[in-house]
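Here's the structure, in structure tokens; my notes come after.
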Amino acid sequence: MNWKKRRIKMYKIEATDTMKTMMSDYFKSLESGDKKIAWCTSVGPAELLRSFGFEVYFPENHGALLGATRMAMDFIPEAIKCGYSGHVCSYTTADIGSFLKKETPLQKHYGLEGVPKPDIIAYNTNQCREVEDWFTFYADHFDCPIVGIQPPRHLDEVTQDEVDLVVKQFKKMIPTCEEVSGRKFDLDEFKNVVRLSKEATLLWQKVLKTSTSMNAPLSFFDGTIHMGPIVVLRGTQRAKDYYELLFKELQDNVDESKGFLPEAECRIFWEGMPIWGKLRMMSDLFCQNNAAVVASTYCSSWVFDKFDENNPWESTARAYTEIFINRSEKAKMEMLKQWMKEFKIDGIVYHDSKTCFNNSNAKFGMPQRLKDQTGIPSLIIEGDLCDLRFFSEGQSITKIETFIEQIQDAKVLS
Ligand code: SF4
């Protein structure tokens, strides 16, 4: 089948316009100068930073924008010239290259002069060590205080020992946050932010779970767009309000049996990072082959269902340490099996991302082991989150179309 020849009528999620306005307001607020700015990793201690009144900026979100606009391809060589390998995290190299070139999509899309200047930088190596190197580049450049959380990694189970250790590391951030913000730590404010974050994250979970319905209303590709507020605005009322709106719309669609692909012949799970510069192409490719990509590890990474405002330290330490990317192969397998069942998955596509070893799970036999245990077939495609030199479009299309055809044939025969 030649996928380019078929036209797809796009399914419109009405809440998208609200989300775009919110994201625009968020970026503009970073430049207004009203609040001090904290830079934070995407699964870092955002709640604690917000409790000190910081506006929080997330360089990984900027990395995703660089990938989606394909500007990353112009910027990665700048970072390489300055000594970074072209094989390390392309969020890092694209972001540093963009900074060195003084160009960013934030200028064209939101009218900003550039990325906001940090007053404090915070990272959590629960996802990878790369963030420490990446953020230290900026701490050195801006001569800015930097605080880090280094939780134990690759655990089968997160025990009280690990939680206690991470709580201690969280608490060590307080003096620096107090000094930079000029505010004393306020436990009630911290609890309030954790509560708002919990309410938004549980709504985000409900949003994702609407696609357990056979007529799924949200695709993985749409999810990567609608996750913006849970990444950059968690801990605010705005994020909570947005996910209430989105959930209501999607639930109405479920009730009316309105799926994004009404005649889907199979249901696919996406494992690994998005290929940001090819989102639309990938979305069309799967839809045109009647395959609905209904769930992913990536979008689920911002479900922190352990948050509890009555136990803010331990619950945030636990939630940020228990995330999928920070777990052992064994723990990841259990989480994947649960998602396969819940979303009634027929096949898994693993994106083996060249520059993100940490969020690629096809290298140590997991696809085979998972197939042995669940019977669900899988496909590995090679690519990258931002660096399109590592992605072969023609080869990937052929592999994906063949994979979908095999699943659909097997379903007809069964
Ligand atoms: S998890 Fe991967 S993509 Fe994200 S910052 Fe780390 S290396 Fe980069």
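Small disclaimer: the values here were computed from a predicted structure and weren't measured. First listed ligand is number 1; within each ligand, the first listed atom is number 1.
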Leaving waters out, which protein N, O or S atoms fall under 2.8 Å from atom 2 (Fe) of ligand 1?
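Within the sphere that stays under 2.8 Å of atom 2 (Fe) of ligand 1, the protein atoms of type N, O or S are Cys356 SG.
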Which residue pairs pass the salt bridge (Lys or Arg N to Asp or Glu O under 4.0 Å) test with at least one member in residues 61-85, sequence neighbours excluded?
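Checked against salt bridge (Lys or Arg N to Asp or Glu O under 4.0 Å) - neighbours excluded - the pairs reaching residues 61-85 are Glu78-Lys81.
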Would you mind telling me which of Val294, Thr297, Ile275, Ile348 makes a side chain to side chain contact (heavy atoms under 4.5 Å, CB included) with Trp270?
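So the option named by the test is Ile275.
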For residues 350-359, pull every pair meeting side chain to side chain donor-acceptor pair (under 3.5 Å), keeping only residues two or more places apart or in separate chains.
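Listed once each, the pairs are Ser90-Thr355, Glu130-Asn358, Asp352-Lys363, Ser353-Asp384, Thr355-Asp384.
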At under 4.0 Å between heavy atoms, which part of Val131 makes contact with ligand 1: side chain, backbone, both or neither?
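Contact part for Val131 vs ligand 1: side chain (C-beta onward).
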Does Met73 have any side-chain contact (heavy atoms from CB on, under 4.5 Å) partners at least two apart in sequence or in another chain, and if so, which?
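Scan of Met73 (side-chain contact (heavy atoms from CB on, under 4.5 Å), adjacent residues dropped) gives Asp387, Leu388, Arg389.
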Quick check: does any side chain N or O of Trp39 sit under 3.5 Å from a backbone N or O of Pro116, one acting as donor and the other as acceptor?
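Here the side-chain-to-backbone pair exists.
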Is Ser213 reaching over with its side chain to a backbone N or O of Asn215, donor-acceptor style, under 3.5 angstrom?
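Yes; at least one donor-acceptor contact below 3.5 Å.
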